[in-house]
Amino acid sequence: MVTLDEVLGSGLLQKPSGDDAPEALQRQITNYKPLQTFKLEKTRPYQQQYADIYFLRLTKIRPAVEAAASAAWEGTMLGGEKVKRVERVLDVRQGELCWVAGTVYMDMPLKPSILEDVSKDRWISAPTSVGHYYSGNGDDSIMLEDDSGRIRLVGNALQNHFMVTGCIVAVMGTENANGEFEVIDLLFAELPPQPERWSVSKGKKGQEQQEDVEMMDASFSGNPSKPPSKKIALVSGLEFSNADTSYAMELNLLLEYLLGEALDPSIQHNEISHITRLIIAGNSISTTTAEHAKPAPAYDTTTPVNKFQPQHKKYGYDSSSYNPVPSQLFDNFLSELLPTMPVTLLPGALDPANASYPQQPIHSAMFPQSRTYMSAPKVGADKDAVDEEPGWFDNVTNPWEGEIEGWRVLGTGGQNLDDVFKYVESEDRLGMMEAMCRWRCVAPTAPDTLWAYPFQEDEPFVIKECPHLFFVGCQPEFGTKVIHGSDGQAVRLIAVPSFSETREVVLVDTETLDVERVRIVAE
Amino acid sequence: MPVTRKSTRSRGGAASASSSSAASHGKHQQTLSFNHRVTKPTAKTGKDLLVEKESTPESITKKTKDVKIEDDEVVEVPASEAESEGEEEEEEGEEEAHAKAKAKVKTTKKPATQTKAAAKDLKKDTKAEVEEEKENKPKEPERSEVEKRALKLPQSAIDAYWHNIDSARMARAVHKKHTEGLTTGEKVLRYWDVSSHYGPCIGITRLKRWQRAERLGLNPPIEVLAVLLREEQNGNKAIEMAHMDELMNSVSTGP
């Protein structure tokens with residue numbers, strides 16, 4: 001009988017040459033607590049009026065705006081006249097210097113208006129995506145509205161600020177002879193109060209972290225006892241599809257990169273193993289072959305025999321047009337990645353989730369392989385109960401709010417920013433993100449041009465507590481900025497680029513909230 | 001066999017077997033009840049509470065044996081209730097008047113004080129049951145602090161509130177004929193509808209709108225809540241939605 005030692009000596013079996021086998025790299029766990037701010041109940045009614053949304057938004061933000069306005073304008077004298085506060089928009093009198101708070105409404109002829117369509121007897125079944133609502137030729141008018149009425153705003157002061165329908169503003173000025181309100185100065189609510197780090201998951205965790213932080217401060221980097229800084233990866237617009245494969249190679253490389261199989265061991269050890277969570281911010285599945293699709297011909301002209309045979313007209317849902325390949329590809333991607341890294345998935349405009357804001361989580365039925373990593377779907381009495389422990393693979397709402405490593409994070413899949421972009425002339429997307437924070441509203445254009453659920457009891461789009469990190473996915477290019485508030489708030493804004501366009505991934509450091517951009521290039 | 005059939009059978013059987021027991025006129029009671037024989041206040045058992053609670057709504061509609069049952073309830077409830085508010089004597093003294101008023105509560109119009117007292121009694125009975133019996137589902141929802149305060153509000157306070165609003169008008173009400181058929185309560189509710197400060201009135205019930213305004217800190221007038229709860233207790237469903245809502249939702253037919 002041959003023993004192992006004899007075999008070893010003979011050259012058939014050999015130990016690996018070189019160093020010992022590299023030890024498997026470990027990933028750390030980040031503290032993760034999603035909030036259910038945007039979750040809607042499954043049996044929600046749709047009987048309500050949309051006007052309630054505007055009422056709720058105004059009532060919630062008005063106190064803050066009026067406090068800021070009275071602090072700024074109280075006692076101001078202009079041309080010998082003192083500025084007075086006016087209760088309602090219609091109480092403005094001609095020639096009287098005053099200030100008033102209300103909701104902005106943009107009256108634009110290019111904006112799709114349901115009233116126009118109904119009156120002209122045209123019925124739109126799908127939203128027509130017009131490029132820009134902003135016409136720039138003076139047809140657009142800005143109005144200030146509250147429960148009493150509306151008044152048109154004019155003046156040069158309006159040019160310096162972004163304005164969209166639904167933002168709450170306080171304006172100071174006077175009514176001129178045309179009945180319009182000439183604006184001398186205007187103010188927004190500015191950033192809301194920012195919670196402390198670790199405010200949601202408080203308790204022991206916060207204290208432990210405190211000790212680590214102290215150690216880090218005491219010693220410079222290079223000290224082996226310093227815990228390595230964890231990173232969060234943000235990506236969006238993966239757009240798995242079977243039609244467009246120009247970036248399929250990069251998607252594969254992305255998977256290898258995140259798994260830690262790419263690049264050399266030193267980088268793997270120092271950088272990649274510190275990535276502790278992946279957040280996918282929308283548009284993971286792309287089923288748009290719409291531009292290539294032609295309407296099905298009425299007659300089957302493919303074969304000469306059937307030339308004049310009418311094709312079967314399919315009524316209702318044509319199941320042959322469903323293409324399961326994109327979601328399968330995405331599911332494969334996730335199931336390979338999930339064993340090593342927790343993933344948070346936000347739906348986007350192209351994903352199979354509901355069309356109106358806030359989008360509810362993508363159903364676990366879309367991911368037959370990755371489903372095992374999700375938390376079990378609740379049935380029966382617990383259907384609407386809040387889950388205690390989020391799943392390893394957490395499918396969440398869009399927009400989404402949560403706490404990662406103590407930092408309050410607010411993220412969206414991009415529809416809100418894209419809609420705001422259509423209202424204004426500039427291209428400065430980061431500036432619009434900053435404006436949304438200062439307006440205290442994540443989706444101000446809902447429900448005007450952004451389809452939304454008719455909230456009646458409470459409107460979750462109002463930002464009550466300032467996030468530490470605000471990211472928006474599916475943007476044309478990467479951008480980041482830090483904005484500051486009057487109370488010491490600091491928000492890191494990140495515009496996450498669409499991977500299918502730019503092949504870029506964003507890494508965020510969980511201690512300093514610094515941002516790195518990683519580009520994946522296949523030569 | 002459906003449950004209802006069973007109970008009618010047994011009720012029929014029980015009625016024929018023991019006509020002297022108080023169980024004979026209750027649809028649900030399948031056991032002999034000794035409630036009416038207790039003369040001193042005792043701690044209630046779970047079974048008694050079950051029996052008594054289910055008999056409460058029925059006692060209003062039936063007229064003959066009502067007085068007896070209500071006597072028992074009225075005697076027993078304040079003893080077991082933690083907060084009796086010193087009304088024990090009042091109740092025992094006015095038992096007969098109350099019982100009579102209760103029996104007629106749905107059919108005739110009654111003077112304001114008796115209505116209020118009767119309503120309070122009804123509310124207290126159900127409140128006692130709710131407090132003591134946590135396992136069974138309460139028939140009436142728990143009242144919040146504000147709702148309790150609103151229910152205590154007398155009609156005179158509501159009238160005074162309306163008078164203040166009316167006299168604050170700069171011009172006289174010209175078209176009095178449009179408001180002739182309305183009670184003060186209805187006028188208060190219509191004024192509540194058009195108070196746009198609390199949000200749009202269409203597409204939401206008046207009560208929910210009031211609660212939403214309270215939650216948002218807008219301090220809606222408590223008199224409106226008093227009228228709404230009173231009408232709700234009277235079973236008046238017509239006042240749930242704003243009057244304007246009915247007008248807006250109406251469909252016109254014709255050429």
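Just so we're on the same page: letters track the sequence lines, and every chain starts at 1. Everything numeric in this text was worked out from a predicted model, so none of it was measured.
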Check your understanding: Is atom CD of A:Q94 surrounded by more than 12 heavy atoms (other residues, nucleotides or ligands) closer than 6.0 Å?
Key -> yes

Practice item. Determine the minimum heavy-atom distance between A:F55 and B:P200, stating which atoms define it. Key: CB-CD, 3.8 Å

Check your understanding: Are more than 12 heavy atoms from other residues, nucleotides or ligands located less than 6.0 Å from atom CZ of A:R85?
Key -> yes

Practice item. Measure across A:D52 and B:R212 and return the closest heavy-atom pair with its distance rounded to 0.1 Å. Key: OD1-NH1, 3.0 Å

Exercise for review: Find the distance between CG (A:L56) and CZ (B:R215) and round it off to the nearest 0.5 Å.
Suggested key: 8.5 Å

Check your understanding: Do A:E457 and B:K208 come close enough that some side-chain heavy atom pair is under 4.5 Å?
Key -> yes

Review point. Among A:Q48, A:Q47, A:K60, A:Q456, who wins on heavy-atom pairs under 4.5 Å with chain B?
Key: A:Q456

Revision key, fill the gap. If one checks every heavy atom of B:R209 against chain A at 4.5 Å, the contacting part turns out to be neither

Review point. How many angstroms lie between CD in A:Q49 and CG in B:D245, if you round to the nearest 0.5 Å?
Key: 7.5 Å

Review point. Counting heavy atoms not belonging to B:Y191, are there more than 12 under 6.0 Å from its OH?
Key: no

Review point. If you round to the nearest 0.5 Å, how far is OG1 of A:T59 from NE2 of B:H197?
Key: 7.5 Å

